[in-house]
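Inspection log for the structure reproduced underneath, given as structure tokens.
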Amino acid sequence: LCAIALLGAAIWNGYPIVYSDTSSYIISGFELETLKDRPITYGLFIRATSLNGWSLWTVALAQSMLLAHVIGRTLGSIGITKSLARAAIIIPAALLTGLPFVCGQIITDVFTPILLFTLYLLFFTTGTVRTRILHFALFLLAFAMHMSHIGITALILVGVLTFRRPLRRLMPGAATWRTFATVLPLTVIGALAMGPSLAKSKHSFFAARMADAGILQRYLDEHCGEEDLVLCARRGSIPQNANAFLWDADSPLGLYKDHHEQEEELAHIARSSFGEPALLWMHTKAATASIGRQFIRFNVGDGNGAFGEGTALHERIGRFIPSEIHRFDAARQMDDTRFWAPLLTANRFYNTVMAIALVALIVLLINGLREHALAGVAPLVLFLLAGLVVNVCVNAGLVMTADRFGTKTAWLVPFCALLMIQRRWWTSRGKDDAPAP
């Protein structure tokens, strides 16, 4: 039932929701090609869970099952052991937030919350050897799905290390050195799996961030007279938009002979800009503003336009998942009127829910601290909220601001509010299944 609720957006759409990047992931997995801007991991996941091109529905189902599993394990770790009690949190979270658009979309976004929950399970819970191995495997799978997970994981590990002693006092079984000794090599393995993509594009994404903030343009204005830079050929016409800089047909990146030349020059520009006080100040202001904007951007539907005949995605679904091309063509997403009009209402609803949930969560946290009634649930809530903040800072601070980046974790606010409401209800009624202190 939880998995079906998490698939709600895909069921409403009549087909798993797709994004422009879906096309790249499909070709990556089915032609075993590591693209310059994304690792091959998710492409292989699509190929495996689609049963080698049988259906994209099984991909969306696998994503929903994985997320439902790690959430269920996490809730079980704080004493919510009955399946109906877990469903009473997961299903409302799916119905009241944009979470089903994360699970039902053929893109890597669902693996960011899976990463957060597996890290919590690894560092703050115990279990059998078999269970721990499964959680380590899920962590590696989620970590290797997207390059932003390197920064997210690194910041979380630093946070756990920094607050290790108070965490151990609060949760005696938390954050053992053995866990660190296993997570760190897995992180290295995952980073190596993403190595080819990182080598080809890591500085390109940051250059796009600089262009979006106007920093790259100012650097070129000040240095093209003294440095022989390829981008100087486009001085004065660098788009002040990260998406245009990266993806437009006339992107300045087309000036480079290959990705080696591209990454070398963009790395030099980035390093040099941090060495100049004026540009460093621009970096700081731009990152702060971008992160602030990202906290209020989490509408669903970002980038989910129609992909009809003549688009790369349509051609690749027809080529690699041929049995579903007619169902793909009949999806709501292929009809702007049927797709966008309901989403406008949905996003207004989600924004209202978010505002109410945020207020409720703050009140519940304050009252819980005052009444000393947060034992068991507080570390999970604080960890998930910290994960939300880290996700926003990494994506908005290093790449760009986008609704899709916020949607990945914004649903955690209502989820945590529901969790705390259920705990207070349990406490007031003396339920046996209440989270143990």
Side-chain angles (χ1 to χ4, degrees), residues 17-29 31 33-43 46 105-109 112 145-148 194 196-217 220 230-231 233-267 269-270 286 290 293-294 297 299-317 333 336 394-408:
I17 297 169
V18 294
Y19 185 80
S20 57
D21 289 356
T22 305
S23 173
S24 300
Y25 288 121
I26 288 175
I27 199 72
S28 173
E31 295 198 346
E33 178 183 358
T34 299
L35 305 177
K36 71 175 183 178
D37 56 344
R38 64 199 73 245
I40 196 174
T41 321
Y42 188 62
I46 291 176
Q105 191 166 180
I106 308 303
I107 200 169
T108 59
D109 291 359
T112 300
M145 287 294 179
H146 198 267
M147 289 187 286
S148 67
M194 291 186 275
S197 296
L198 285 169
K200 294 177 182 178
S201 62
K202 61 181 177 181
H203 294 109
S204 301
F205 282 100
F206 191 72
R209 178 75 186 82
M210 292 176 63
D212 198 68
I215 301 170
L216 179 60
Q217 295 86 336
L220 295 176
V230 173
L231 282 184
R234 287 286 299 271
R235 177 184 175 184
S237 63
I238 301 291
Q240 194 167 344
N241 179 281
N243 280 313
F245 181 86
L246 289 168
W247 314 119
D248 275 9
D250 64 341
S251 165
L253 298 179
L255 296 172
Y256 294 103
K257 294 182 297 184
D258 53 43
H259 70 269
H260 295 292
E261 181 184 56
Q262 173 180 310
E263 286 296 290
E264 184 177 351
E265 177 170 296
L266 296 179
I269 292 173
S290 183
R293 289 194 302 270
Q294 187 63 77
R297 289 191 58 179
N299 286 337
V300 299
D302 181 21
N304 300 135
F307 297 91
E309 292 186 18
T311 63
L313 178 54
H314 191 281
E315 183 273 330
R316 287 168 184 175
I317 288 182
Q333 190 174 346
D336 286 347
V394 169
N395 284 284
L398 297 180
V399 185
M400 66 185 82
T401 303
D403 282 301
R404 186 170 63 83
F405 294 152
T407 305
K408 292 194 288 185

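On a predicted model such as this, the values are computed, not experimentally measured, just so you know. Below, each value reflects all heavy atoms present in this structure, side chains not excepted, and no hydrogens, waters or symmetry copies. The residues of the chain are indexed from 1 along the displayed sequence.
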Within residues 245-254 or reaching into it, pairs that qualify as salt bridge (Lys or Arg N to Asp or Glu O under 4.0 Å) - sequence neighbours excluded: none

Close side-chain approach of E263 and S204, heavy atoms under 4.5 Å: yes

Sequence neighbours excluded - salt bridge (Lys or Arg N to Asp or Glu O under 4.0 Å) pairs with any residue from residues 19-28: D21-R38

Non-neighbouring partners of E265 that pass side-chain hydrogen bond (donor to acceptor under 3.5 Å, both in side chains), sequence neighbours left out: Y256

Partner set under side chain to side chain contact (heavy atoms under 4.5 Å, CB included) for Q294, not counting sequence neighbours: R297, V392, A396, T401, F405

For T22, all residues meeting side chain to side chain contact (heavy atoms under 4.5 Å, CB included), sequence neighbours excluded: V18, Y19, I26, I106, L313

For D302, all residues meeting salt bridge (charged side-chain N to carboxylate O under 4.0 Å, His left out), sequence neighbours excluded: none

Which atom of A211 lies closest to which atom of I238, heavy atoms considered: CB-CG2, 4.2 Å

Non-hydrogen atoms of S148 and K408 that approach each other most closely: OG-NZ, 4.2 Å

Residues in ring-ring contact (aromatic ring centres under 6.0 Å, His included) contact with Y25, at least two apart in sequence or another chain: Y42

Partners passing salt bridge (charged side-chain N to carboxylate O under 4.0 Å, His left out) against R235 (at least two apart in sequence or in another chain): D221

Interatomic distance, H203 atom NE2 to I269 atom CD1 [nearest 0.5 angstrom]: 11.0 Å

Pairwise distance CD1(I107) to OG(S20) - rounded to 0.5 angstrom: 7.0 Å

Contacts of type salt bridge (charged side-chain N to carboxylate O under 4.0 Å, His left out), residue R404, not counting sequence neighbours: D109

With Q240 via side chain to side chain contact (heavy atoms under 4.5 Å, CB included) - residues at least two apart: Q217

Contacts of E264 that satisfy salt bridge (charged side-chain N to carboxylate O under 4.0 Å, His left out) - sequence neighbours left out: none

Sidechain-backbone polar pair: Q333 side chain, G305 backbone, donor-acceptor under 3.5 Å: yes

Partners passing side chain to side chain contact (heavy atoms under 4.5 Å, CB included) against N299 (at least two apart in sequence or in another chain): N347, N351, D403

